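Indexing begins at 1, ligand by ligand and atom by atom, following the structure's order. Predicted, not measured: the structure shown is a model, and the values here were computed from it. We use all heavy atoms of the structure for the numbers below, so side chains are in, but hydrogens, waters and symmetry mates are not.
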Amino acid sequence: MIKVCKFGGTSMADAKAILQVKSIIEADKDRKYIVVSAPGKRDKNDIKITDTLYKCYEDVKETGSCSERFALIKERFKGIVEDLKLDLDIDAILDKTEKEIISECSADFTASRGEYLSAIVMANLLGATFVDAAELIRFDSKGRLNDEYTDDIVRNRLDDVEYAVIPGFYGCDYKGKIKTFSRGGSDITGSIIARGTKADLYENWTDVSGFLVCDPRIVKNPQVIKQLTYKELRELSYMGASVLHAEAIFPVMKRCIPINIKNTFKPEDAGTMIVPSEKYTDSDSIITGIAGKKDFTVIFMEKSLMNSEVGFIRKVLSVVEHYGVCVEHVPSGVDTLSIVIESEQLKDGVLTEIVNGIRENVNPDFIHVIENISLIATVGHGMARRSGTAAKIFKALADKGINIKMIDQGSSELNIIVGVQNSDYENCIRAIYEAFILE
Ligand code: ADP
Ligand code: ASP
Ligand code: MG
């Protein structure tokens, strides 16, 4: 049996947490491949190593040096090595790293050093082999993960390594330069290693006891989701449930490897099991989770007999496409159409140009822009089995005086999305939680 374990930033934050990680790994001999994040926050006011490293890069870019800021990195790692009483020449490693950060002068290289150093420390502590992610993970010329190639290298390289620690978050581009995933990307590394080693289980160790029904920063002590399917996970993490990176699902999906989200600080808790499909669950709940994202813009238009105008939607979307903007949702009615777009993409006059372009292209009777919209997704396979879920959501929101600006029910019957004002975001999530979970 092979288990791949990924430990997040809080689990690697200081010597005490790292010793807890060690005891978890050593409690189960199947935990053979360990992926680690850079040390995260030790408390609410602390700064993540990765954030400091990005600032080091800014310093190098501006001044050619980062010694003052890199001193923070040195202090943190030296403290960890000292507290763990490791036989490791961390001073030499840190000095070399600082020089490389200056000579490479690359944001990705600099940011990746948090995971690199973290993995060196962990490998030393465990007496395991350090295998650099730069050897294992490849990106193509477009910056996308070269997944089949990566899978081959991981399999070949780790085939005869019994026990290894691998830094998360980065790999190499096609020219051999270090490239990172987006933030939180160590979850993807763990998934890649699980696929490549044909693991039986991918354990993702974090600071909460599993995937919670909704964000614990919005609802106090939300319930833990016991089982979640790949599809539900994809919907929830795409919609902002940040416990697992939204792309972490893809590598394990290829081999149907389950993911277990576990709490480093409460290892006895069962956590959440993420399974390939409904076939593997025994859940009878209507909804599985709620997640949301802020800051969308809705462009709403109305035109009589829109539905009989050939090519209407295509013409509207071609205007949006012309500006290289991605569309999130396109809910439509008999004579109405809305396009929902992340507001970030509509800055610097793009919104006005798109609206003018739509006016010219399809001549709507009415066009109207609604800004500062949050999208909240209520997700669960259970919805398809029971009627009245949408009605229950709408009633819960109406009872709290929350005005729904947009509704979209995914064609998969797995997801109902509502759009509300940003100012109603938290209350909307709380209202849905109360209606379904606390009923
Ligand atoms: P790690 O550093 O271990 O990767 P993250 O900070 O990336 O951990 O993810 C865990 C955090 O995700 C939790 O501490 C919690 O604040 C947040 N979070 C947001 N939504 C959820 C959710 N639905 N379930 C659990 N945690 C969530
Ligand atoms: N350290 C990186 C970050 O803070 C990657 C990770 O933790 O997954 O985003
Ligand atoms: Mg994370």
Checking side-chain polar atoms at under 3.5 Å, does [X] have a donor or acceptor matched by the opposite partner on [Y]?
X    : Y    : result
H381 : T229 : yes
D187 : N204 : yes
N422 : S374 : yes

Check for me whether K179 meets the cation-pi criterion with F139, that is, NZ or CZ under 6.0 Å from the six-membered ring centre and within 45 degrees of the ring axis.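 Geometry flag: set, cation within 6.0 Å and 45°.
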
Ring-face cation of R430 near Y433 (centre distance under 6.0 Å, axis angle within 45°):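 The answer is no; the distance or angle limit is not met.
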
Counting heavy atoms only, which of [options] is nearest [atom]?
atom                    : options          : value
atom 13 (C) of ligand 1 : L236, D207, V243 : D207
atom 7 (O) of ligand 1  : S242, P222, G184 : S242
atom 20 (N) of ligand 1 : D215, L212, T206 : D215

Criterion ring-ring contact (aromatic ring centres under 6.0 Å, His included) on Y202 and Y33, from CA distance to verdict: CA-CA 10 Å; Y202 171 25; Y33 300 105; over 10 Å; no

Test of proximity, G184 against ligand 2: N or O pairs below 3.5 Å: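 Yes - when backbone and side-chain N and O of G184 are compared with those of ligand 2, one distance drops under 3.5 Å.
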
Atom 23 (N) of ligand 1: protein heavy atom closer than 4.0 Å?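 There is a protein heavy atom less than 4.0 Å from atom 23 (N) of ligand 1.
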
Ligand 1 contact by G210, heavy-atom criterion under 4.0 angstrom: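 Yes, G210 has a heavy atom closer than 4.0 Å to ligand 1.
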
Going by heavy atoms, is C214 under 4.0 Å from ligand 1?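 Yes, C214 has a heavy atom closer than 4.0 Å to ligand 1.
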
Proximal atoms of ligand 2 relative to [X] (non-hydrogen, under 4.0 Å):
X    : answer
S186 : 5 (C), 6 (C), 7 (O), 8 (O)
S37  : 6 (C), 7 (O), 8 (O)
R183 : 3 (C), 4 (O), 9 (O)

Are the side chains of S37 and S118 in contact, using a 4.5 Å heavy-atom criterion?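 No - every pair of side-chain heavy atoms lies 4.5 Å or more apart.
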
Within the structure provided, determine whether V420 and I376 are in side-chain contact (heavy-atom separation under 4.5 Å).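 Result yes, sub-4.5 Å side-chain heavy-atom pair found.
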
Is the distance between the ring centroids of Y230 and F250 under 6.0 Å?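 No, ring centres 6.0 Å or more apart.
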
Any G114 heavy atom less than 4.0 Å to ligand 2: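 In this structure, G114 fails to qualify as a contact of ligand 2 - no heavy atom is under 4.0 Å.
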
Residue R217 vicinity, atoms of ligand 1 by number, heavy atom under 4.0 Å: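 It comes down to these atoms of ligand 1: 16 (O), 17 (C), 18 (N), 19 (C).
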
When you look for heavy atoms under 4.0 Å from ligand 1, do you find them on the side chain of P216, its backbone, both, or neither?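 Contact part for P216 vs ligand 1: side chain (C-beta onward).
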
Nearest to atom 4 (O) of ligand 1, what protein heavy atom do you find, and at what distance?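 Here the nearest protein heavy atom works out to K6 NZ, 3.0 Å.
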
Distance from atom 2 (O) of ligand 1 to nearest protein heavy atom, with residue and atom: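 Looking only at protein heavy atoms, the one closest to atom 2 (O) of ligand 1 is G9 N, 3.1 Å.
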
Counting only heavy atoms closer than 4.0 Å, does ligand 2 sit against the backbone of E115, its side chain, both, or neither?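 Under 4.0 Å from ligand 2, E115 contributes side-chain atoms alone.
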
How are the rings of F7 and W205 set to each other: parallel, tilted or perpendicular (split at 30° and 60°)?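 Because their plane-to-plane angle is under 30°, the rings of F7 and W205 count as parallel.
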
